[in-house]
Amino acid sequence: VQLQASGGGLVQAGDSLRLSCTAAGDTVSNRNVAWFRQAPGKGRTFVAAMSRGGQNIYYADSVEGRFTISRDSAKNTVYLQANGAQSEDTAVYYCAADRPGRTYAPPTRLKLATTYNYWGQGTQVTVSS
């Protein structure tokens, strides 16, 4: 599966934006999916994850209550809705998916970058204060 992330840009603090991750070549509906981000000079960190069936969703503490991960199987797309943007949200955002049909993965595993086999190219989000 190939993942294409989009929707990034320059926003003001407090604004909202929606990132999209469109899949091609295979479906993402039967995969665990996630968003990670990498701020300048820092490593890649977990943002949000959704389990294969969609019943389990996890967020980093820093975005809990502000960001929402969702999936549209008909469009084969995963979204990250970000509300109340903060300067600390400035980063390159990456979407990720694992292999299809995996057995249950606990939250600790879904929050690890090493869980995911497929990555989008990243989309830059810059929040100005």
Side-chain angles (χ1 to χ4, degrees):
V1 65
Q2 296 83 43
L3 304 177
Q4 178 77 32
S6 61
L10 174 64
V11 298
Q12 300 289 322
D15 284 353
S16 298
L17 75 165
R18 186 176 76 165
L19 305 182
S20 300
C21 177
T22 301
D26 199 1
T27 180
V28 289
S29 62
N30 59 350
R31 302 169 187 259
N32 297 310
V33 293
W35 287 92
F36 289 78
R37 67 187 181 186
Q38 187 165 10
K42 298 186 178 180
R44 194 169 296 189
T45 59
F46 168 75
V47 176
M50 174 182 285
S51 63
R52 181 163 37 111
Q55 63 270 46
N56 298 314
I57 293 176
Y58 307 102
Y59 296 98
D61 290 344
S62 58
V63 306
E64 180 84 52
R66 299 189 298 120
F67 288 19
T68 302
I69 186 172
S70 62
R71 173 167 43 199
D72 186 330
S73 296
K75 295 183 178 180
N76 211 18
T77 299
V78 179
Y79 300 100
L80 184 69
Q81 176 70 38
N83 298 328
Q86 302 173 357
S87 58
E88 296 77 19
D89 297 324
T90 295
V92 177
Y93 284 72
Y94 299 89
C95 58
D98 69 352
R99 293 191 182 95
R102 263 186 173 166
T103 55
Y104 169 75
T108 51
R109 185 166 175 80
L110 291 180
K111 295 176 181 180
L112 291 175
T114 53
T115 294
Y116 301 93
N117 309 98
Y118 306 94
W119 292 82
Q121 85 288 4
T123 184
Q124 175 72 49
V125 173
T126 303
V127 183
S128 65
S129 56

Checklist entry - So which heavy atom on Ser29 is nearest to which on Ser73, and how close? => result CB-OG, 3.5 Å
Next on the checklist: Can you tell me how far apart CZ (Arg37) and CG (Leu80) are? Round to the nearest 0.5 Å.
Outcome noted: 9.0 Å
Checklist entry - Are Tyr58 and Trp35 co-members of a hydrophobic cluster defined by side-chain heavy atoms under 4.5 Å apart? => result no
Checklist entry - Hey, are the side chains of Ser62 and Glu88 touching, using non-hydrogen atoms and a 4.5 Å cut-off? => result no
Checklist entry - In terms of side-chain heavy atoms, does Thr115 have a donor or acceptor partner in Asp98 at a distance below 3.5 Å? => result no
Next on the checklist: In terms of relative ring orientation, are Trp119 and Tyr94 parallel, tilted or perpendicular, with 30° and 60° separating the classes?
Outcome noted: perpendicular
Item to check | Phe36 with Leu3, same ILVMFWY side-chain cluster at under 4.5 Å | outcome: no
Checklist entry - If you draw the axis of the six-membered ring of Tyr79, does the NZ or CZ of Arg71 fall within 45° of it and under 6.0 Å from the ring centre? => result no
Next on the checklist: Minimum heavy-atom separation for Asn76 and Thr27, please, with both atom names.
Outcome noted: OD1-CA, 3.3 Å
Checklist entry - Hey, does Ile69 have a side-chain heavy atom less than 4.5 Å from the side chain of Ile57? => result yes
Checklist entry - Taking it one step at a time, do Arg66 and Asp89 satisfy salt bridge (Lys or Arg N to Asp or Glu O under 4.0 Å)? => result CA-CA 11 Å; Arg66 299 189 298 120; Asp89 297 324; 2.8 Å; yes
Checklist entry - Aromatic ring centroids of Tyr59 and Phe46 under 6.0 Å? => result no
Checklist entry - Shared ILVMFWY cluster between Val78 and Val47, side chains joined below 4.5 angstrom? => result yes
Item to check | Phe67 side chain reached by Gln81 side chain, heavy atoms, under 4.5 Å | outcome: no
Checklist entry - Cation-pi between Arg31 and Tyr118: NZ/CZ under 6.0 Å from ring centre and within 45° of the ring axis? => result yes
Checklist entry - If we only count heavy atoms from C-beta on, is the Val33 to Tyr116 side-chain gap below 4.5 Å? => result no
Item to check | Straight-line distance of Gln4 CD to Thr123 OG1, nearest 0.5 Å | outcome: 9.0 Å
Next on the checklist: As a quick check of understanding, evaluate side chain to side chain donor-acceptor pair (under 3.5 Å) for Thr22 and Ser20, giving each step before the final call.
Outcome noted: CA-CA 6 Å; Thr22 301; Ser20 300; 5.7 Å; no
Next on the checklist: For Ala105 versus Asn32, what's the shortest heavy-atom pair and its separation?
Outcome noted: CB-ND2, 4.1 Å
